[in-house]
Amino acid sequence: MWSSPLSWIVIAIALFWAVGAYNRLVRLRSAVVQAFGSLDAHLVRWLAMVGEFDAAQVTAGALDREAHSTLQGASTQLTVSLAVARARPLQGEPVAALSAACAVLDAVWLNLQPGADAEDARRKVAHWRARWDELRKHNEQAAQIFNDAVLHYNAALGQFPALMLAWAFGFTPARVLSIAPESHS
C-alpha cells in the first residue's frame with residue numbers, strides 16, 4: 001500500500017501542509033510578541049511620565065505623603081506586572097495582571113487632586129493631565145494592535161486542522177489586554 005505513488009503524494013501533501021500550518025502559527029505568535037514590544041515601549045513612557053510628575057510634585061511640596069505613596073505603589077505594581085508580562089506576553093495570567101495594574105494606575109491618577117488652591121498649581125496639574133491623556137491614547141492604540149494580533153493568533157489556534165498542531169506543539173491561546181476606559185477629559 002505504501003509503495004503506491006498516490007500514497008507518497010498524499011503523505012507529501014500532508015507533510016507540506018503541516019509545515020505550512022506550523023509556520024503560520026509561529027508567525028502569528030511572533031506578531032503577538034512584536035506587538036507586545038511596542039506596547040511595552042508605550043507603557044514605559046507612561047511610567048517615566050509618572051516618575052517625572054511624582055518627582056516634580058514632591059520637590060514642589062504639592063503632593064501630600066499619602067498621594068505620593070499611592071502613586072508610587074501603583075507605579076511599582078505596573079512596573080512589576082510589565083516585567084512579568086514582558087517575559088511571557090502569550091500567557092493569560094501575566095497579561096491579566098498587567099491589565100489590572102494599568103487600571104489601578106489610571107484610577108490613582110484620575111483621583112489625584114492639586115495640593116494647593118493656587119491657580120499655578122492647577123495649571124501645572126492641567127499640563128500633566130494633558131501629557132497623561134496623550135500618552136494614554138498612545139497606550140490604547142498600542143494595546144489595540146496587541147489585542148488584534150492576539151485575536152488573529154487565537155483564531156488560528158481554533159481552526160481545524162491547525163488546532164491539532166497547536167495541541168501537539170503546545171501552542172496555547174493568549175489573552176487580550178484591557179486598559180480601563182477613560183472617565184475624565
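Just so you know, these numbers use all the heavy atoms, side chains as well, and skip hydrogens, waters and symmetry mates. The first residue in the sequence is number 1, and the count goes up from there.
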Report the C-alpha distance between L82 and V44 in whole Å, list the side-chain angles of each, state the deciding distance to 0.1 Å, and finish with yes or no for side-chain contact (heavy atoms from CB on, under 4.5 Å).
CA-CA 9 Å; L82 182 57; V44 166; 3.9 Å; yes
Does L43 form a side-chain contact (heavy atoms from CB on, under 4.5 Å) with N139? I'd like the steps, not just the answer.
CA-CA 7 Å; L43 291 175; N139 292 347; 3.9 Å; yes
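Under the 4.5 Å side-chain heavy-atom criterion for Ile, Leu, Val, Met, Phe, Trp and Tyr, W8 and F16 are members of distinct hydrophobic clusters. Cluster annotation: M164 and V19 are assigned to distinct hydrophobic clusters (Ile/Leu/Val/Met/Phe/Trp/Tyr, side-chain heavy-atom contacts under 4.5 Å, transitive). Using a 4.5 Å cut-off between side-chain heavy atoms of Ile, Leu, Val, Met, Phe, Trp and Tyr, with links allowed through other members, I145 and L151 fall into different hydrophobic clusters. Cluster annotation: V84 is not connected to L90 through the hydrophobic network of ILVMFWY side chains, with a link wherever side-chain heavy atoms come within less than 4.5 Å.
L165 and A21 get closest at one heavy-atom pair: CD1-CB, 3.4 Å. Scanning all heavy atoms of the two residues, the minimum distance from S99 to S178 falls at OG-N, 3.0 Å. Q77 approaches V104 most closely through the heavy-atom pair OE1-CG1, 3.5 Å. Annotation for A149 and A35: closest pair CB-CB, 4.2 Å, computed over non-hydrogen atoms. Across every non-hydrogen atom of R45 and L135, the tightest pair is O-CD1, 3.9 Å.
Between the side chain of D106 and the main chain of I179, no donor-acceptor pair closer than 3.5 Å is present. Judged by distance alone, the side chain of S81 and the main-chain N or O of A101 form no donor-acceptor pair under 3.5 Å. S30 contributes no side-chain N or O that, together with a main-chain N or O of V26, makes up a donor-acceptor pair within less than 3.5 Å. The main-chain N or O of V176 is never found under 3.5 Å from a side-chain atom of N147 such that the two would form a donor-acceptor pair. Under a 3.5 Å cut-off, the side chain of Y153 and the backbone N or O of T172 do form a donor-acceptor pair.
Contact of the L47 side chain with the T79 side chain is registered, since non-hydrogen atoms from C-beta on lie closer than 4.5 Å. Within the 4.5 Å cutoff, the side chain of V150 has no heavy atoms near those of the V95 side chain. W46 has its side chain out of reach of H138: every pair of non-hydrogen atoms, C-beta onward, lies at least 4.5 Å apart. With contacts defined as side-chain heavy-atom distances shorter than 4.5 Å, the pair C102/L78 qualifies. Taking 4.5 Å as the limit, every side-chain heavy atom of L25 sits out of range of all side-chain heavy atoms of R29. A 4.5 Å side-chain heavy-atom check between L157 and L163 finds every atom pair outside the cut-off. Side-chain contact between W17 and Y22: absent, with no pair of heavy atoms (C-beta onward) separated by less than 4.5 Å. At least one side-chain heavy atom of V50 sits under 4.5 Å from a side-chain heavy atom of L105.
Applying the salt bridge (Lys or Arg N to Asp or Glu O under 4.0 Å) test to residues at least two apart or on different chains, the pairs with a partner in residues 33-44 are D40-R86.
Rounded to the nearest 0.5 Å, atoms CD (Q144) and CG (L39) are 11.5 Å apart. Atoms OG1 and CD, from T76 and Q72 in turn, are 6.5 Å apart once rounded to the nearest 0.5 Å. Once rounded to the nearest 0.5 Å, the distance linking CH2 of W128 with CD of E52 reads 5.0 Å. A distance of 11.5 Å separates CG in L71 from CG in N111, rounded to the nearest 0.5 Å. We find the CG-CD1 distance between L15 and I11 to be 9.5 Å, quoted to the nearest 0.5 Å. Going from atom CZ of R129 over to atom CG of L112 covers 6.5 Å, rounded to the nearest 0.5 Å.
Hydrophobic cluster of V80: no remaining members, since no ILVMFWY side chain lies below 4.5 Å from it.
Electrostatic pairing of E93 and R88 does not count as a salt bridge here, judged by no charged N lying under 4.0 Å from a carboxylate O.
Taking the six-membered ring wherever Trp is involved, the centroid distance between the rings of W109 and F53 falls below 6.0 Å.
The ring-ring contact (aromatic ring centres under 6.0 Å, His included) test applied to F36 returns F146, not counting sequence neighbours.
Atom CH2 of W167 has 12 or fewer neighbouring heavy atoms from other residues, nucleotides or ligands inside a 6.0 Å radius.
Residues H68 and R65 have side chains that never bring a donor and an acceptor to within less than 3.5 angstrom of each other. A side-chain N or O of Q159 and one of R24 form a donor-acceptor pair less than 3.5 Å apart.
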